[in-house]
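Below you'll find the structure, written out as structure tokens, and then a few comments.
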Amino acid sequence: MASVSYPLNLFLFIIFSAHSTLQTRLSVGDTDALSAIKTTLRDLPGSDFLSTWVFNSTSDPCSTFSGILCSDPTLGPSRVTSLSLGTGLEGSPGLLGSLSPAIANLTALTQLVVYPGRVSGPIPPQLGGLDQLRFLSITGNLVSGPIPASLGGLANLHTLDLGQNNLQGPIPPELCELPQLKVLVLASNRLSGWVPKFKNQEQLLHLDLQKNCISGPLPPSLPPTLRYLSVSGNQMSGALHALPPDLGYLDLSMNAFTGDIPLSAFRSSTALLQRNNFTGPLTDCADTVSVDGWTVDLSHNELSGDLPGFLAEAESLFMNNNQFTGAVPVEYVRNVYTGRMRTLYLQHNFMSGFPLPAGSPLPESASLCISYNCMVPPVQSSTCPASAGDLQYRPLYQCPVFNNITSIHL
Ligand SMILES: *[C@@H]1O[C@H](CO)[C@@H](O)[C@H](O)[C@H]1NC(C)=O
Ligand SMILES: *[C@@H]1O[C@H](CO)[C@@H](O)[C@H](O)[C@H]1NC(C)=O
Ligand SMILES: *[C@@H]1O[C@H](CO)[C@@H](O)[C@H](O)[C@H]1NC(C)=O
Ligand SMILES: *[C@@H]1O[C@H](CO)[C@@H](O)[C@H](O)[C@H]1NC(C)=O
């Protein structure tokens, strides 16, 4: 892509050089700020971003600098309204250095992006003064230190993405009170402490806190507007409360949550709750919940009792490594053999019955694993993952009931 954009930049450069009367006058303050911003950054080898940032008597940042958009020059001296540091092109190595507090002097900024690279050091707390800012994204760099609480002053902010950096310390409660915030991504950092309570938050659609060191429970009242919630790969614990009603994606996997799984967890087309400490039987609630075509992963918990009928509608169902007992429900088996359910993992439970359909072969697209239960599997569980191990059934002493009948016909 870089080879395509280079001639275009050159072309624009020639046009603007030839018509210097088209020059926009950037305000002196913003020009000084850009100059200061450049001094703390440089291109990584293979990146060619800052080479367009040349300051001299005829230079015109608004038209020749990469990564800059300015306000309408007919309304007086232009202001920088959008600053993108780095090209964002796939494969571009990005920038090295640190973020200058002078960014905060670009007070007309509505958008600030730092594309992936090796920018390190803190997020300047002064950025909290950019009160026009709507979009702030600093991702895939090495930015460290705490998230400045001052960012809670960004009253117009609708997207904050600080994912994949080295940020530490707690999530400032101020971030959970930003009135316009729709997207909050703090994934893949080293954040700790509890998730703050959300206040005055009637807009938030997307909350991604995965892969940090966050502890404590999920706050009892999450914004009811949430569609996407991931806290996967933290150290969160405690019981779940009712989840927001319109969640389409829920990922609570790899934490230490306990207690029952609330029915509201099954309103999401992707419900990932594996590798926690959820306990108890699942209530059958076919009347209130439909998981038709969805992905549900409850594996590696402490769930017990019978498999509930309503989950038979799922397209991919992972229930392995729990303490489920009883027979596999007929609806589950029928849906696997008709190709409606593509994955059914039940290995490493205490199940003791499998109603084998007469005559119909397992569809090639189906993944079925029922090994290491309290029965001799009536079908070859050849689609088990390697983690299921080689043993076809549990030792008898572990089983309250053991089923030797190798085929029950539907
Ligand atoms: C940024 O603004 C402050 C306050 O107006 C000023 O003192 C400082 O010199 C400015 N920095 C740059 C690099 O322009
Ligand atoms: C200013 O910089 C531009 C872009 O690098 C260059 O083409 C131009 O000759 C320079 N002008 C002066 C007066 O140095
Ligand atoms: C789950 O609970 C059991 C017993 O209650 C405990 O021994 C185990 O450490 C817990 N696991 C996690 C991941 O919290
Ligand atoms: C059931 O099968 C197991 C394993 O094949 C065998 O050890 C056991 O004796 C069988 N029990 C009965 C009652 O057939």
Side-chain angles (χ1 to χ4, degrees), residues 16 20 23-44 47-88 94-139 141-157 159-162 165 167 172 174-175 178 180:
F16 283 111
S20 56
Q23 265 192 10
T24 44
R25 277 172 307 118
L26 183 62
S27 77
V28 174
D30 281 12
T31 308
D32 290 349
L34 290 178
S35 175
I37 291 163
K38 188 184 174 185
T39 60
T40 64
L41 292 170
R42 61 199 152 89
D43 281 294
L44 279 165
S47 168
D48 181 23
F49 175 77
L50 290 169
S51 62
T52 59
W53 287 36
V54 176
F55 296 88
N56 64 27
S57 56
T58 58
S59 66
D60 175 15
C62 293
S63 48
T64 63
F65 285 22
S66 296
I68 285 169
L69 295 176
C70 296
S71 61
D72 184 349
T74 61
L75 307 171
S78 284
R79 303 294 314 277
V80 177
T81 56
S82 171
L83 174 63
S84 303
L85 295 169
T87 60
L95 305 177
L96 182 71
S98 63
L99 298 174
S100 168
I103 295 172
N105 286 26
L106 302 172
T107 53
L109 274 186
T110 59
Q111 172 163 310
L112 172 60
V113 178
V114 182
Y115 284 114
R118 299 183 65 80
V119 174
S120 56
I123 297 174
Q126 292 87 340
L127 298 189
L130 291 170
D131 58 8
Q132 304 296 308
L133 209 56
R134 290 165 53 75
F135 188 95
L136 174 55
S137 166
I138 304 172
T139 57
N141 280 283
L142 300 169
V143 170
S144 60
I147 299 175
S150 61
L151 298 186
L154 298 171
N156 289 303
L157 200 65
T159 297
L160 178 61
D161 185 352
L162 304 176
N165 281 292
L167 294 164
E174 291 83 353
L175 292 192
L178 282 166
Q180 300 295 327

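Because the structure is predicted, anything quoted here is derived from the model rather than measured. Atoms within a ligand are numbered from 1 in the order they appear, just like the ligands themselves.
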Are a donor atom and an acceptor atom from the side chains of Arg79 and Thr107 found within less than 3.5 Å of each other?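 Per modelled atom types, Arg79 and Thr107 side chains form a pair under 3.5 Å.
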Between Ser100 and Thr40: side-chain donor-acceptor atoms closer than 3.5 Å: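 The answer is no; no qualifying pair exists.
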As a test of reading the model: which N/O atoms of the protein lie under 3.5 Å from N/O atoms of ligand 1, and at what distance?
unit_1: ligand 1; atom_1: 2 (O); unit_2: Asn105; atom_2: OD1; d: 3.2
unit_1: ligand 1; atom_1: 2 (O); unit_2: Asn105; atom_2: ND2; d: 2.3
unit_1: ligand 1; atom_1: 11 (N); unit_2: Asn105; atom_2: ND2; d: 2.9
unit_1: ligand 1; atom_1: 14 (O); unit_2: Asn105; atom_2: ND2; d: 3.4

Atom CG in Leu83, atom CG in Leu106: separation rounded to 0.5 Å?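 Between atom CG of Leu83 and atom CG of Leu106 there are 6.5 Å.
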Euclidean distance, Ser120 OG relative to Leu95 CG, rounded to 0.5 Å: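 It is 11.5 Å, given to the nearest 0.5 Å.
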Closest approach of Cys62 and Leu26, non-hydrogen atoms and distance?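 Smallest heavy-atom distance, with atoms named: SG-CD1, 3.8 Å.
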Considering all heavy atoms, the nearest Trp53-Leu85 contact: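 So the two residues come closest at CH2-CD2, 3.9 Å.
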